[in-house]
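Presented below is the structure to which this report refers.
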Amino acid sequence: QTYKFAIVPKAMNNPFFDVARDGCLKRAKELGNVECIYKGPVEHEPATQAQIIQDFVTQKVDGLAISVADVAAMTKSIEAATAAGIPVITFDADAPGSKRIAYIGTNNKDFGLALGKQLAQLKPEGGKYAIVSGGPGAKNLAERVDGVRESLKGTKWVEVQGSPTFCNDDPALAIQQMADLRTATPDLGAIVPIGGWPMFAPEGYKAFVNKNKKDIDAGKFTLVVADTLKMQLELLRDGYSNALTGQRPFEMGEKSMDTLLAIKKGGKVPEVIYTGLDLVTKDNVAQMLK
Amino acid sequence: MAMQLESPVSFSNVGEIKWWRRGIFASQTGYVLLALLVLMVVMHFASPYFFTQGNMQNVAKNFSFIAIATLGVTFVIITGGIDLSVGSLMCFSAMITSMVMSGLSTPGMPGASLFVHLAADGKTVVANLPGLILVVSIVAGLAVAFLVGLVNGFCIAVLGLSPFVTTLGMLSIVRGLGYVVSNGRGSFPGGPDADYFYALTSGDVLGVPAPFIYLVILALTMAVVLHHTSFGRHVFALGGNEKAAELTGIPVVRVKIEVYVICALAAGLQGIIISGWLGSAPANMATSYELNVIAAAVIGGANLAGGIGGPLGAIVGCVLLEVIRNGLVLAQVNSYWQQTLVGVIIILAVLVDRIRSRMT
Amino acid sequence: MAMQLESPVSFSNVGEIKWWRRGIFASQTGYVLLALLVLMVVMHFASPYFFTQGNMQNVAKNFSFIAIATLGVTFVIITGGIDLSVGSLMCFSAMITSMVMSGLSTPGMPGASLFVHLAADGKTVVANLPGLILVVSIVAGLAVAFLVGLVNGFCIAVLGLSPFVTTLGMLSIVRGLGYVVSNGRGSFPGGPDADYFYALTSGDVLGVPAPFIYLVILALTMAVVLHHTSFGRHVFALGGNEKAAELTGIPVVRVKIEVYVICALAAGLQGIIISGWLGSAPANMATSYELNVIAAAVIGGANLAGGIGGPLGAIVGCVLLEVIRNGLVLAQVNSYWQQTLVGVIIILAVLVDRIRSRMT
Amino acid sequence: MTNAEAAPVLQLSGIGKEFGAIRALHDVDMQVFPGEVVGLMGDNGAGKSTLVKIIAGNFRPSHGEIRFAGSAVHFNRPIDARTVGIEVVYQDLALADNLTAAANVFLGRELKRKFGPLALLDHKAMAARALELFGELRSETRPYDLVKQMSGGQRQAVAIARTRLSNARLVMMDEPTAAISVRQVEQVLSLIHRLKEQGVAVMLISHRMPDVFAVCDRVIVMRRGEKRADKAIHTTSPEEVTALITGAKEAA
Amino acid sequence: MTNAEAAPVLQLSGIGKEFGAIRALHDVDMQVFPGEVVGLMGDNGAGKSTLVKIIAGNFRPSHGEIRFAGSAVHFNRPIDARTVGIEVVYQDLALADNLTAAANVFLGRELKRKFGPLALLDHKAMAARALELFGELRSETRPYDLVKQMSGGQRQAVAIARTRLSNARLVMMDEPTAAISVRQVEQVLSLIHRLKEQGVAVMLISHRMPDVFAVCDRVIVMRRGEKRADKAIHTTSPEEVTALITGAKEAA
Ligand SMILES: Nc1ncnc2c1ncn2[C@@H]1O[C@H](COP(=O)(O)OP(=O)(O)OP(=O)(O)O)[C@@H](O)[C@H]1O
Ligand SMILES: Nc1ncnc2c1ncn2[C@@H]1O[C@H](COP(=O)(O)OP(=O)(O)OP(=O)(O)O)[C@@H](O)[C@H]1O
Ligand SMILES: [Mg+2]
Ligand SMILES: [Mg+2]
């Protein structure tokens with residue numbers, strides 16, 4: 001018997017989910033009897049996602065893995081899908097109170113804490129820092145912001161006014177905002193983008209870093225960035241950032257297929273599967289790039 | 001009178017217009033409707049699930065979700081204006097409604113004591129008068145929509161600003177306010193009346209989704225207003241020739257303000273209904289819906305230059321967009337190609353109308 | 001001639017128009033420029049860093065990033081049209097350019113042998129003729145833009161579809177194609193010519209960012225074309241009265257196709273420049289930039305009803321939007337309030353012009 | 001009929017209007033009495049339409065005062081002028097092209113039928129009345145046709161028909177006969193006669209000398225924004241008026 | 001001058017045009033010879049403008065054939081008609097309101113100066129020539145003013161001035177004198193005379209009987225889309241034409 005599993009990202013225009021999709025496709029091929037359908041809203045917008053879930057229910061797919069765009073909205077959709085006999089798991093972003101069977105992904109609070117900890121370890125002497133976030137509506141990003149703030153609370157780091165800025169997942173805007181933040185506070189000690197956006201535009205990012213190279217080399221300006229896509233690792237290797245903390249989207253894609261298949265086969269699955277975090281600095285970047 | 005009636009005023013060179021060349025059969029709306037029917041047949045062959053009852057219910061519900069706002073925007077488009085703030089406003093009104101609903105249902109919040117009390121167990125919240133909170137919160141949501149519409153209308157009609165710039169500014173303002181009031185988090189309907197709220201927004205009557213019923217009622221009302229009241233006539237006149245409307249003594253300023261208010265109220269109501277269905281009013285809800293809403297109106301035959309449009313066209317446009325979206329998912333078209341196909345089908349649908357006007 | 005010249009044709013009741021009531025001083029562009037200057041002074045007091053050299057360079061670069069596309073869209077707006085596909089097209093052209101660049105630089109890819117060979121070490125890729133790959137890939141990027149513009153123009157001018165629907169469809173089509181060709185991943189410029197590419201797009205000449213220089217050249221060219229060639233005159237005539245333009249023998253179809261092609265080429269070029277600066281052409285690049293671009297043109301004084309607009313206005317509009325964005329970050333305004341303020345300032349800026357026309 | 005004993009219905013004093021550097025009107029004084037037909041003539045660009053638009057509340061005058069029925073008035077919008085009883089046929093006709101002829105005639109004054117609390121348009125009554133009005137003008141204009149598709153003269157008939165709806169005290173017609181055919185011209189002139197008999201003041205702007213001399217009691221000639229002559233019709237001649245219009249004769 | 005010996009420059013046979021249920025033209029035959037001035041008269045909505053628009057390539061006829069200078073022609077767009085030498089003054093003037101008077105006169109036929117490979121507009125020359133043309137018409141119209149701000153007669157002068165730019169073989173004027181003042185009317189009539197002397201065929205549509213009788217060699221009367229009469233001017237009278245227009249006399 002073959003199974004059709006749908007994997008629904010929050011937004012298709014985010015490269016993060018491309019990696020998850022690749023993981024899912026690869027695993028589906030390996031398993032042989034599984035088809036992976038990748039489809040979600042183009043932009044991050046909850047109502048559209050809910051409608052897509054509805055269509056998958058109509059189509060009677062065999063299982064759904066959802067990156068939840070809005071908890072309350074998805075809770076209802078998940079309920080509807082479950083009622084139609086379709087098992088649902090979540091990945092990347094969870095809907096804790098819902099009828100989803102399992103969650104595969106990162107603990108976003110921990111993610112934020114890890115970012116903060118990296119910064120505190122790199123520069124215990126502290127200073128002013130700013131956060132760049134993606135969109136004000138995203139719950140997982142809000143958790144990361146909270147995590148960063150929490151882990152830096154006891155340290156000498158203080159957040160500047162006007163932080164976080166929101167780049168709407170637009171790489172160009174993220175870099176422009178970083179430049180503006182630096183201009184607004186010339187003694188800014190660190191910027192923590194809690195997503196990989198600025199580095200998705202490597203040349204623009206390099207141009208920004210090069211302008212501040214002196215301060216970075218002198219240890220006066222630190223960049224700790226979230227996510228560990230390949231281009232980001234290369235930038236870290238070349239000295240364009242101090243540290244990266246990454247999730248494992250590829251693994252999320254793979255595990256989604258495994259978990260759904262296990263559920264279909266009647267197996268028992270753990271409710272929460274954390275895919276873990278990669279903490280990358282100069283020391284281990286070469287190894288990660290392999 | 002001096003002159004003798006040599007030849008009576010008559011219309012000997014004017015025939016009867018054939019019924020198939022009149023009204024809807026001679027309009028873009030009619031031909032897009034035709035394209036829609038063709039598309040539905042195609043979708044039926046592309047996916048066996050398309051014409052199932054469940055899917056038809058979904059389609060009916062989904063298009064009703066943008067159709068009410070489209071009715072509102074159609075008013076604005078007929079006057080020759082545009083309203084880009086509908087998407088943001090849908091979110092903001094929904095947010096205010098759920099915030100008020102939760103707020104009034106939380107003992108201890110200001111004013112809440114008027115509406116709720118704690119049950120004997122000291123935990124369950126009980127409404128003093130069931131349904132009152134619901135009414136108050138919906139009124140609150142519509143009230144902010146009303147205000148936004150008033151500001152839009154004031155800037156455009158009284159200050160004479162361009163509708164595009166004004167409503168684009170408002171798009172930004174309202175979305176920003178949504179973040180401010182909810183602190184970026186969005187909000188959830190809650191409290192003892194939430195169940196009524198869900199029943200009213202995502203329930204159905206004999207299998208017909210509630211939003212669809214509202215839509216039908218509003219569309220019929222709109223048809224009457226547009227074609228059988230002087231307000232409607234003035235709306236058309238404004239779109240046809242604003243100068244002339246002013247000269248013939250139509251209260252141009254008032255009519256303009258009214259259409260923007262109507263549009264805002266429709267968007268607000270739409271947002272409230274969506275949030276009931278979603279069970280939440282997230283801060284990024286309805287992002288960039290304004291383009292869909294305007295596109296639906298225009299595809300259905302409303303003319304951005306003003307003077308043409310109507311409720312049937314608005315609905316046909318919305319159904320078309322929804323059938324394309326739903327159909328492509330059901331047909332399991334590769335998601336990356338889907339977006340391309342959406343564009344192609346939109347263009348083809350309006351092309352049908354052009355072919356008609358070429359032929360005559 | 002039979003009649004005697006009783007009184008010569010003269011204009012005794014017409015005085016000289018004062019210089020401050022003529023040209024730019026009597027236009028929306030002029031007054032928005034004034035608002036811009038006021039805003040800049042306000043920003044100066046809000047943040048001491050606003051008027052630093054570094055920040056001014058940033059502002060100059062950032063606004064040049066949308067200004068070239070705005071120049072293109074201004075052409076379309078002057079004819080009374082609209083082009084919503086610019087954002088998607090920016091992305092798609094950039095993507096094609098980088099894909100071609102990387103493709104031709106990868107030994108083994110079809111055609112690559114014509115352009116590159118491997119150095120003695122068997123690893124380093126060396127261009128046969130430095131710069132050739134760059135030229136070919138930029139031409140490829142502009143060629144797709146050209147095609148898209150042609151299709152837009154064809155649908156609008158020849159088939160007579162509404163510009164809004166056509167370009168909205170095209171927005172979707174082109175964005176979808178971007179996902180298809182890159183499999184959702186976007187693409188990166190690469191190969192031996194990438195450095196030239198970066199130099200041309202994110203370099204500067206004596207501290208002036210390269211995109212700014214291109215912008216100035218293009219804006220001056222546009223000014224000449226609009227006001228001193230018959231093509232420009234026809235563009236204005238089309239926007240003023242399309243019927244009359246047709247009747248007086250202006251090749252309306254050709255002019256319309258041309259403006260959509262110009263607009264598409266400008267958007268394509270803009271996208272290529274942005275991708276050079278970013279070092280990447282992500283699949284979500286320039287999402288919803290179309291609204292910013294059109295807003296910039298309209299804020300600068302172009303009229304969506306057609307017949308009015310120009311390069312100076314386009315640039316002023318872009319600068320205004322960028323100064324608002326940059327200034328609010330510098331002033332460390334709470335991010336939730338920022339979006340609200342952006343909207344408010346946009347509306348206030350165009351309001352200045354209305355106050356002028358009220359006063360006279 | 002040009003009676004000094006009655007109070008003038010309209011009285012302008014020192015009216016001036018500048019458009020930027022163009023002085024469209026300068027220091028115009030005039031009076032119009034009830035039941036009087038005044039012809040306003042002048043070269044193209046003399047300022048006739050501008051004067052009409054000022055009286056109709058379309059522009060505000062830069063200088064001067066307007067008195068209507070004895071009291072000073074300040075019209076901010078055309079509706080203000082309409083309310084006190086001024087009806088205008090504009091030179092550019094002011095029609096909404098996307099509406100039918102009947103709808104245009106009744107624009108802003110729709111006939112309605114009550115359905116309980118609702119007042120809905122009475123399409124039939126409006127069409128019937130419009131057809132009647134077009135018939136009075138001998139114009140073959142169909143009430144249900146869109147104005148967009150009409151010939152120049154049919155459009156003008158629609159604009160003229162409008163003035164017949166209310167009991168105006170002053171009717172101003174800006175070249176009402178420019179586009180219409182011979183037999184309608186006669187109807188318009190006889191319409192003016194009827195208005196006059198009802199005691200309505202009429203201001204007729206026309207370039208057609210015979211029309212003016214056929215119906216007017218008095219003729220006013222404008223030139224480059226100034227009033228050059230104001231004469232009872234029987235004290236002047238077409239030749240003199242022509243000379244005044246072209247500037248061959250400076251003033252009279 | 002109405003010479004059967006010369007070949008007609010324009011020959012229509014069986015021209016018909018329907019707009020939906022409206023039969024605007026039905027089976028119209030006519031000929032116009034070089035150097036001949038033909039008056040086209042008829043009630044409002046008789047189909048005169050529609051006929052002009054068909055000849056000018058603006059509409060395609062539903063039936064019938066057009067021959068120009070001997071050969072059958074099918075104009076798809078107005079530019080086609082202009083290319084073979086047909087100039088038209090449209091009833092609605094066809095002006096771009098956002099351009100200046102000079103720009104409107106030269107629309108589609110701009111004067112240019114070469115700067116190496118570039119051909120830039122010669123604003124000065126166009127303004128000078130436009131002023132000259134307006135002067136010829138005795139119209140006080142300023143070349144650099146926007147058409148939007150002009151009076152009705154000034155607009156008409158702009159539209160008429162256009163026809164003077166090329167060496168046309170047929171000039172059709174659809175009510176060219178409707179909005180203009182006495183002295184310009186004389187100029188337009190004398191312009192028609194000059195065109196006639198140069199051997200240009202002229203078709204004049206007008207509701208002004210005296211004008212038609214002053215310049216036309218022949219008059220054609222239309223009624224409800226049909227041609228009712230086609231007579232040399234000296235064989236008819238204003239009274240007869242009026243009767244034909246109003247339908248009092250069925251045909252002649
Ligand atoms: N809105 C305006 N802006 C600037 N100038 C204007 C405006 N309206 C009219 N004018 C100018 O004012 C002058 C008088 O114009 P007006 O329309 O009153 O003339 P008129 O006497 O009605 O002429 P006609 O007989 O041709 O209709 C003209 O020179 C015209 O160009
Ligand atoms: N585009 C159109 N669509 C439908 N009907 C039209 C259209 N144009 C003209 N008509 C109709 O055709 C008929 C003839 O109109 P036309 O403009 O030719 O008349 P005309 O003889 O020029 O009249 P006038 O003297 O008033 O200018 C009229 O009944 C008019 O309503
Ligand atoms: Mg006038
Ligand atoms: Mg006509």
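Below, chain A is the first sequence line, B the second, and so on; all start at residue 1. Note that these values count all heavy atoms, side chains included, but never hydrogens, waters or copies made by symmetry.
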Starting at OH of C:Tyr179, measure out to CG of A:Asp18 and round the result to the nearest 0.5 Å. 8.5 Å

Less than 4.5 Å to any heavy atom of chain C: does that hold for the side chain of A:Met231, its backbone, both, or neither? side chain

With a 4.5 Å cut-off on heavy-atom pairs, point out which of C:Asn183, C:Thr287, C:Thr201, C:Leu328 contacts chain A the most. C:Asn183

Walk me through whether A:Thr185 and C:Gln332 qualify under side-chain contact (heavy atoms from CB on, under 4.5 Å). CA-CA 9 Å; A:Thr185 319; C:Gln332 306 200 345; 2.8 Å; yes

Of A:Ala207, A:Pro164, A:Pro198, A:Pro186, the largest count of non-hydrogen pairs under 4.5 angstrom with chain C goes to A:Pro186

Portion of A:Lys206 that has a non-hydrogen atom of chain C nearer than 4.5 angstrom: neither

So which of A:Leu181, A:Asp22, A:Thr183 has the biggest tally of heavy-atom pairs under 4.5 Å with chain C? A:Thr183

Determine the option with the most heavy-atom pairs under 4.5 angstrom with chain A, choosing from C:Val333, C:Asn62, C:Asn334. C:Asn62

State, to 0.1 Å, how close C:Asn58 and A:Ala179 come at their nearest heavy-atom pair, and which atoms those are. ND2-CB, 3.7 Å

One should read off an interatomic distance between A:Asp180 CG and C:Arg325 CZ, to the nearest 0.5 angstrom, of 4.5 Å

If you tally heavy-atom pairs under 4.5 Å against chain A, which of C:Tyr198, C:Tyr336, C:Phe188 wins? C:Tyr198

For C:Asn326, is it the side chain, the backbone, both, or neither that has a heavy atom closer than 4.5 Å to a heavy atom of chain A? both

Can you confirm whether A:Pro171 sits close enough to C:Asn284 that some side-chain heavy atom of one is under 4.5 Å from a side-chain heavy atom of the other? yes

Side chain C:Ser280, main chain A:Phe200, donor-acceptor under 3.5 Å: yes

Would one find more than 12 heavy atoms of other residues, nucleotides or ligands at under 6.0 Å from atom CD of A:Glu30? yes

With a 4.5 angstrom heavy-atom cut-off, is it the side chain or the backbone of C:Phe65 that approaches chain A, or both, or neither? side chain

Just wondering, are more than 12 heavy atoms of other shown residues or ligands nearer than 6.0 Å to NZ in A:Lys213? yes

Relative to chain A, which segment of C:Tyr289 carries a heavy atom at a distance below 4.5 Å: side chain, backbone, both, or neither? side chain

Interface moiety of A:Arg21 toward chain C, non-hydrogen atoms closer than 4.5 Å: side chain

Most heavy-atom pairs under 4.5 Å with chain C, out of A:Pro202, A:Ala172, A:Ser133, belong to A:Pro202

Is the number of heavy atoms from other residues, nucleotides or ligands within 6.0 Å of CZ (C:Phe212) greater than 12? no

